[in-house]
Amino acid sequence: MSSRFSSLALDALDVDAQARFWTQALGYRFAEEFDGGISLAPGDGVQGPPLDIIPVPESKTAKLRLHMDLVPYGCSQEEEVERLLALEAVRADVGQGPDVPWVVLADPEGNEFCVLAARD
């Protein structure tokens, strides 16, 4: 017996704004609404786990212990970082240092994620 991965849950003050950001960032689509939350699913040709945006009454207060790593598809790391910044992501410092091969960003509510170098 074992468990199966169901979805990744992300707490949010503004569920709609977070859902808009992540659908554009990941190429996902709105799948369904539930109890004030929104479930996102991979769009056509996109791979990845479902993402549930869950409403919460408080804002993020500390560095996330679990985060998403994104890899650019069809563009360079630099181009993807610029695209995500245009979607209102911001650069984040979690102590990563200047010589790491990834870029740390945060979504509009401050949830950190990394953009890795593009892979073949």
Side-chain angles (χ1 to χ4, degrees):
M1 297 185 118
S2 66
S3 295
R4 303 261 189 250
F5 189 86
S6 172
S7 63
L8 180 63
L10 182 65
D11 292 347
L13 284 172
D14 187 336
V15 170
D16 291 328
Q18 285 293 86
R20 281 191 303 277
F21 175 82
W22 286 108
T23 55
Q24 293 175 37
L26 299 173
Y28 274 35
R29 61 178 175 76
F30 288 90
E32 66 178 303
E33 292 187 44
F34 61 92
D35 300 326
I38 296 175
S39 185
L40 307 178
D44 293 339
V46 175
Q47 294 183 347
L51 179 61
D52 293 337
I53 312 290
I54 312 289
V56 295
E58 69 282 336
S59 61
K60 179 183 159 298
T61 59
K63 178 185 175 295
L64 296 177
R65 296 195 56 175
L66 177 70
H67 67 270
M68 288 184 262
D69 283 344
L70 308 183
V71 63
Y73 183 76
C75 63
S76 70
Q77 180 187 47
E78 183 178 322
E79 291 168 324
E80 183 62 358
V81 167
E82 291 304 316
R83 185 183 77 84
L84 294 165
L85 291 171
L87 294 176
E88 299 187 18
V90 296
R91 293 185 183 273
D93 181 357
V94 294
Q96 67 268 24
D99 297 329
V100 298
W102 59 85
V103 177
V104 182
L105 300 178
D107 71 15
E109 289 198 8
N111 300 299
E112 300 93 357
F113 62 96
C114 295
V115 181
L116 309 178
R119 298 178 181 163
D120 293 334

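Values below: all heavy atoms of this structure, side chains included; hydrogens, waters and symmetry mates excluded. Count residues from 1 along the sequence.
Using bins of under 30°, 30° to 60° and over 60° for the plane-to-plane angle, the ring pair Phe113/Trp22 lands in the perpendicular bin.
Between the CG atom of Leu10 and the CD1 atom of Ile53 there is a distance of 4.5 Å, given to the nearest 0.5 Å. Annotation: the span from Leu84 atom CG to Glu80 atom CD amounts to 4.5 Å, rounded to 0.5 Å. Here the CZ-CD1 distance, from Arg20 to Ile38, works out to 8.5 Å after rounding to the nearest 0.5 Å. Atom CG of Leu105 is separated from atom CG of Asn111 by 12.5 Å, given to the nearest 0.5 angstrom.
At least one donor-acceptor pair under 3.5 Å links the side chain of Glu109 to the backbone N or O of Leu13.
More than 12 heavy atoms of other shown residues, nucleotides or ligands fall within 6.0 angstrom of atom CD in Gln96. For Glu58, the CD atom counts as densely surrounded, since its 6.0 Å shell holds more than 12 non-hydrogen atoms of other residues, nucleotides or ligands. Shown here is Phe30, whose CZ atom has more than 12 heavy atoms of other residues, nucleotides or ligands within 6.0 Å.
With Leu26 as the partner, the side-chain contact (heavy atoms from CB on, under 4.5 Å) test is satisfied by one option alone out of Leu40, Val46, Leu70: Leu70.
Residues Leu51 and Leu66 are members of one and the same hydrophobic cluster, defined by side-chain heavy-atom contacts under 4.5 angstrom among Ile, Leu, Val, Met, Phe, Trp and Tyr. Val56 and Leu64 fall into different hydrophobic clusters, where Ile, Leu, Val, Met, Phe, Trp and Tyr are joined by side-chain heavy atoms under 4.5 Å apart, directly or via other members. Hydrophobic clustering of Ile, Leu, Val, Met, Phe, Trp and Tyr side chains at less than 4.5 Å, counting indirect connections, unites Leu87 with Val103.
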What verdict does the side-chain contact (heavy atoms from CB on, under 4.5 Å) test give for Ser2 and Arg4, after you've listed the backbone C-alpha separation in whole Å, the side-chain angles of each residue and the deciding distance to 0.1 Å? CA-CA 7 Å; Ser2 66; Arg4 303 261 189 250; 3.7 Å; yes
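Side chains of Val71 and Trp102 form no contact here, defined as non-hydrogen atoms less than 4.5 Å apart.
Salt bridge status for Glu112 with Lys60: present, with a side-chain N to carboxylate O gap under 4.0 Å. By the 4.0 Å N-to-carboxylate-O rule, Glu82 lies close enough to Arg91 to be salt-bridged with it.
Here the shortest heavy-atom pairing between Leu116 and Pro72 reads O-CD, 3.1 Å. Pairing each heavy atom of Arg83 with each of Ala25, the nearest pair is NH2-O, 2.8 Å. Closest of all the heavy-atom pairs between Gln77 and Pro101 is NE2-O, 3.0 Å.
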